[in-house]
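Per chain, numbering begins at 1; letters A, B, ... match sequence-line order.
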Amino acid sequence: MMTPRKEIKNPRVRIAPSPTGYFHIGTARTALFNWLFAKKYNGKFIVRIEDTDRERSKIEFEKDIIEQMKWLGLDWDEGVEVGGDFGPYRQTECLDLYEKYLHQLIDEKKAYYCFCSPEELEAKKQEMAARGESPRYDGSCRNLSPEVVEEKLKNNTPYVIRIKTPDKKVAFNDMIRGKVEFDCSLFGDLVIAKSLREPLYNFAVVIDDHRMQLTHVIRGEDHLSNTPKQIILYEAFGWDVPEFGHLPLILAPDKSKMSKRFGDVSVAEYRKNGYLPEALFNFIVFLGWHPEEKSGEGIKEILTKEEILDLFDVKRIQKGGAIFNVDKLNWINAEHIKKMPIDELTKRSSPYLENVFGEKIISNQEYLKKVIESHRDRIKKLSDLPEMVGFFFNLSDYPKELLIWKDSILENTKGTLELLISMLTNLKEDEYNKNQLEAIIMPEAEKRGRGEILWPLRVALSGLKNSAGPFEIIPILGKEETLRRLEIAKNKIQ
RNA sequence: GGCCCUAUCGUCUAACGGCUAGGACAACGCCCUUUCACGGCGUAAAUAAGGGUUCGAUUCCCUUUGGGGCUGCCA
């Protein structure tokens with residue numbers, strides 16, 4: 001059986017995004033699992049920016065990463081913005097350190113300068129592929145004499161730095177997958193730096209993970225095959241190897257890696273589209289993880305961050321990839337919207353409304369709250385709101401035919417509107433509540449047919465084919481506006 | 001191609017080696033209903049295939065098949 005799991009205590013974990021694009025949903029999930037892991041086991045969560053790719057790294061992306069992580073409700077103990085004892089937390093600020101370690105490896109003959117040109121390499125690669133071998137570096141520069149190396153360096157011959165990959169198998173015990181083994185002889189000598197001042201990912205990661213004393217490296221499954229390469233480096237330095245855990249990937253509906261299909265699935269995009277951070281958090285964590293079922297009938301799926309943290313357990317992380325299902329996200333989002341206190345919901349919805357209808361819309365908070373409350377059960381996303389509640393602020397024009405119930409006739413509709421106007425005119429302002437309204441209108445509706453009365457009423461109020469019911473709308477609109485809208489309807493018909 | 005990971009309803013998933021394989025989303029149907037939603041009730045829907053091990057496999061092992069990742073002087 002399995003070896004007993006080591007007790008996890010005060011782990012140090014990290015998320016190490018590279019600022020080469022907007023904060024991606026997949027990165028968000030990795031961040032989330034690391035955050036949960038740190039919180040759950042009383043450890044530290046660290047944010048490190050991996051910007052060794054100078055070409056593609058941009059400060060605006062770094063800002064976005066930080067902003068969206070905060071938006072999702074994540075906080076970190078060390079890293080960019082907050083600092084800490086193991087800085088710098090941005091790789092481009094560690095160049096001296098990488099250079100030092102590169103020198104160390106070269107001095108110890110564990111790494112070497114390679115002067116092969118990309119063209120040569122490509123040709124060799126083709127050759128090997130043609131022979132059916134797995135393409136790898138043949139080690140031409142592995143044993144260059146110090147004189148030759150010095151000469152070439154003096155002449156500014158372009159070079160890279162390669163690690164001498166040991167000819168052996170490397171195994172590790174993945175927290176999620178159990179034992180995983182790779183044959184390193186298949187790799188060849190890996191390039192670990194483009195130059196002394198240009199370290200490459202696999203090298204920089206090891207230096208930093210070690211330097212920051214990380215105990216667990218939890219990352220996407222796409223890094224699984226990088227792990228043995230990094231272990232080689234740990235061993236070259238004689239450092240302790242952290243525990244690794246490789247999360248299953250989030251897949252697009254066609255099962256390809258998420259980023260490939262919808263390249264720009266940024267968290268910011270979901271935010272803009274009206275998803276709540278608590279819903280996105282909830283949804284994403286359920287992609288590849290489910291809590292233990294508590295005695296019997298199903299599990300609770302709508303959870304707060306705190307509840308998730310309480311239930312979280314690494315052992316229950318899934319191995320297989322999970323497809324990102326927007327329908328489920330929409331449902332979870334809707335559920336969180338239903339649960340949210342109205343003041344909070346109003347605050348969060350305001351930007352979406354303001355965006356469409358302008359600032360004045362938020363001036364009357366009490367009105368706004370009633371409007372939002374009346375429609376919270378009908379929306380999936382905050383961004384659905386403007387379209388649905390717009391009529392409260394501004395009744396748009398509609399064809400008079402819309403006022404006519406099913407196969408009723410214009411004449412009846414006119415009669416209905418006149419009747420309603422007279423009934424509602426007699427009702428006092430403070431009687432404009434659901435109960436009173438129903439008390440006077442429903443008997444009439446039962447008599448003449450509900451649709452005959454209620455449909456024209458509702459359309460007159462909303463101007464829409466589909467909307468909330470009249471007894472929800474009228475109390476919000478109030479007497480004056482209600483009657484005004486009924487007059488508009490009546491005038492349309494004449 | 002090579003290496004690695006992976007496999008329960010369409011999707012996310014549950015099931016100490018032991019029940020009619022459970023739940024959720026979506027779909028469909030019915031109810032509620034002035035419309036559209038909400039809500040309530042219900043229906044259909046899965047252990048990839050083949051071998052073992054076992055009294056008994058969704059569960060353990062092997063093979064095949066499918067899917068995915070990696071195979072950069074990206075991260």
Side-chain angles (χ1 to χ4, degrees), chain A residues 1 16-21 27 50-53 55-57 91 114 116-118 121 125 129 132-136 158-162 174 176-177 180-183 186-188 190-195 198 200-202 204-205 219-229 246 248-249 251 253-257 283 286-293 296-302 316 318-332 334 338 375-380 384 388 402 405-406 445 449-459 462 464-470:
Chain A
M1 261 314 277
S18 58
T20 53
T27 318
E50 309 219 321
D51 54 354
T52 48
D53 187 338
E55 307 266 300
R56 296 194 299 147
S57 295
Q91 290 188 322
C114 168
C116 298
S117 72
L121 258 19
K125 204 169 166 183
E133 294 169 27
S134 68
R136 62 175 189 279
Y159 68 90
V160 297
I161 296 165
R162 290 181 186 272
D174 191 280
I176 296 162
R177 284 149 219 286
V180 182
E181 190 180 68
F182 285 86
D183 184 353
L186 264 24
F187 299 156
L190 301 159
V191 179
I192 55 173
K194 295 193 323 192
S195 76
E198 296 170 287
L200 255 16
Y201 168 74
N202 279 125
V205 158
R219 73 227 303 197
E221 196 195 332
D222 47 345
H223 285 288
L224 196 54
S225 45
N226 279 326
T227 304
K229 300 173 183 173
H246 290 91
L249 258 22
L251 274 20
D254 69 352
K255 296 195 178 184
S256 68
K257 198 176 164 186
F283 171 67
F286 269 68
L287 243 33
W289 173 85
H290 266 63
E292 190 174 0
E293 195 171 343
E297 296 307 298
I299 51 163
K300 205 179 151 204
E301 296 207 61
I302 304 300
R316 297 186 61 86
Q318 217 75 223
K319 292 193 188 87
I323 293 176
F324 190 95
N325 179 199
V326 184
D327 283 328
K328 187 106 180 194
L329 171 60
N330 286 341
W331 174 73
I332 290 178
K338 283 177 201 160
H375 277 71
R376 72 185 316 161
D377 285 355
R378 312 169 80 90
I379 57 168
K380 298 255 187 245
D384 294 338
M388 291 189 132
L402 193 59
W405 168 241
K406 277 190 177 164
R450 291 184 170 199
E452 199 65 70
I453 301 290
L454 268 15
W455 174 270
L457 208 211
R458 194 185 59 71
V459 171
S462 67
L464 298 170
K465 191 166 145 222
N466 304 324
S467 77

Using both distances under 3.5 Å as the test, list the Watson-Crick or G-U wobble partner of [N], or none.
| N | result |
| --- | --- |
| B/U43 | B/A27 |
| B/U65 | B/A7 |
| B/G1 | B/U71 |
| B/G17 | none |

With a 4.5 Å limit on heavy-atom distance, are the side chains of [X] and [Y] in contact?
| X | Y | result |
| --- | --- | --- |
| A/Leu190 | A/Asn202 | no |
| A/Leu224 | A/His246 | yes |
| A/Leu200 | A/Val191 | yes |
| A/Arg177 | A/Pro248 | yes |
| A/Phe286 | A/Leu329 | no |
| A/Pro17 | A/Glu50 | no |

Nearest-angstrom distance from the residue atom [atom1] of [X] to [atom2] of [N]:
| X | N | atom1 | atom2 | value |
| --- | --- | --- | --- | --- |
| A/Asp174 | B/C70 | CG | C1' | 15 Å |
| A/Asn202 | B/C70 | CG | P | 13 Å |
| A/Leu186 | B/G1 | CG | P | 16 Å |
| A/Asp183 | B/U71 | CG | C1' | 14 Å |
| A/Trp331 | B/A37 | CH2 | C1' | 17 Å |
| A/Ile176 | B/U6 | CD1 | C1' | 13 Å |
| A/Leu224 | B/G69 | CG | P | 13 Å |
| A/His246 | B/G68 | NE2 | P | 20 Å |

Practice prompt. On RNA chain B, check which nucleotide each of A/Ile323 and A/Glu301 is closest to and give me the residue with the more 5' one.
Written response: A/Ile323
Worksheet entry | Comparing A/Gly320 and A/Lys125 on RNA chain B - which has the more 5′ nearest nucleotide | A/Gly320
Between [M] and [N], how far apart are the [atom1] atoms? Round to whole Å, please.
| N | M | atom1 | answer |
| --- | --- | --- | --- |
| B/U53 | B/C60 | C1' | 8 Å |
| B/A45 | B/C38 | C1' | 26 Å |
| B/U33 | B/A27 | C1' | 22 Å |
| B/C9 | B/U47 | C1' | 10 Å |
| B/U58 | B/U8 | P | 14 Å |
| B/U63 | B/G22 | C1' | 31 Å |
| B/U11 | B/U43 | P | 22 Å |
| B/U35 | B/C31 | P | 13 Å |

Tell me what [X] touches on the nucleic acid: a base, only sugar-phosphate, or nothing, going by heavy atoms under 4.0 Å.
| X | value |
| --- | --- |
| A/Lys338 | sugar-phosphate |
| A/Asn466 | base |
| A/His375 | nothing |
| A/Pro248 | nothing |
| A/Val160 | base |
| A/Lys465 | base |
| A/Glu221 | base |
| A/Tyr201 | base |
| A/Ser195 | nothing |
| A/Arg458 | base |
| A/Ser18 | sugar-phosphate |
| A/Arg136 | nothing |
| A/Asn330 | nothing |
| A/Gly469 | base |

Nearest to side-chain heavy atoms of [X], which nucleotide of [options]:
| X | options | result |
| --- | --- | --- |
| A/Trp405 | B/A75, B/G68, B/U34 | B/U34 |
| A/Pro470 | B/G10, B/U13, B/U34 | B/U34 |
| A/Asp327 | B/C12, B/C25, B/G1 | B/C25 |

Discussion item. Just confirming the chi classification of B/C38, syn or anti, using 90° around 0 as the syn window.
Written reply: syn
Worksheet item: What about A/Arg177: does its side chain form a donor-acceptor pair under 3.5 Å with the base of B/C5?
Response: no
Worksheet item: So does A/Lys328 reach the base of B/A26 with its side chain, donor to acceptor, closer than 3.5 Å?
Response: no
Discussion item. Looking at A/Lys194, I'd like to know whether one of its side-chain N or O atoms comes within less than 4.0 Å of OP1 or OP2 on B/C74.
Written reply: yes
Worksheet entry | Contact under 4.0 Å: A/Lys229 side-chain N or O vs B/U71 OP1/OP2 | no
Worksheet item: Rounded to the nearest 0.5 Å, how far apart are CG of A/Leu251 and CZ of A/Phe324?
Response: 12.0 Å
Carboxylate-amine/guanidinium proximity below 4.0 Å for [X] and [Y]:
| X | Y | answer |
| --- | --- | --- |
| A/Lys319 | A/Glu221 | no |
| A/Lys338 | A/Asp377 | no |
| A/Glu301 | A/Lys328 | yes |

Worksheet item: Where along nucleotides 14-21 of chain B does protein come under 4.0 Å, by heavy atom, of base (B) or sugar-phosphate alone (S), with - for untouched nucleotides?
Response: SS------
Fill in: Axial cation check for A/Phe187 ring with A/Lys229, 6.0 Å and 45° limits
yes
Worksheet entry | Side chains of A/Arg219 and A/Thr227, donor plus acceptor under 3.5 Å | yes
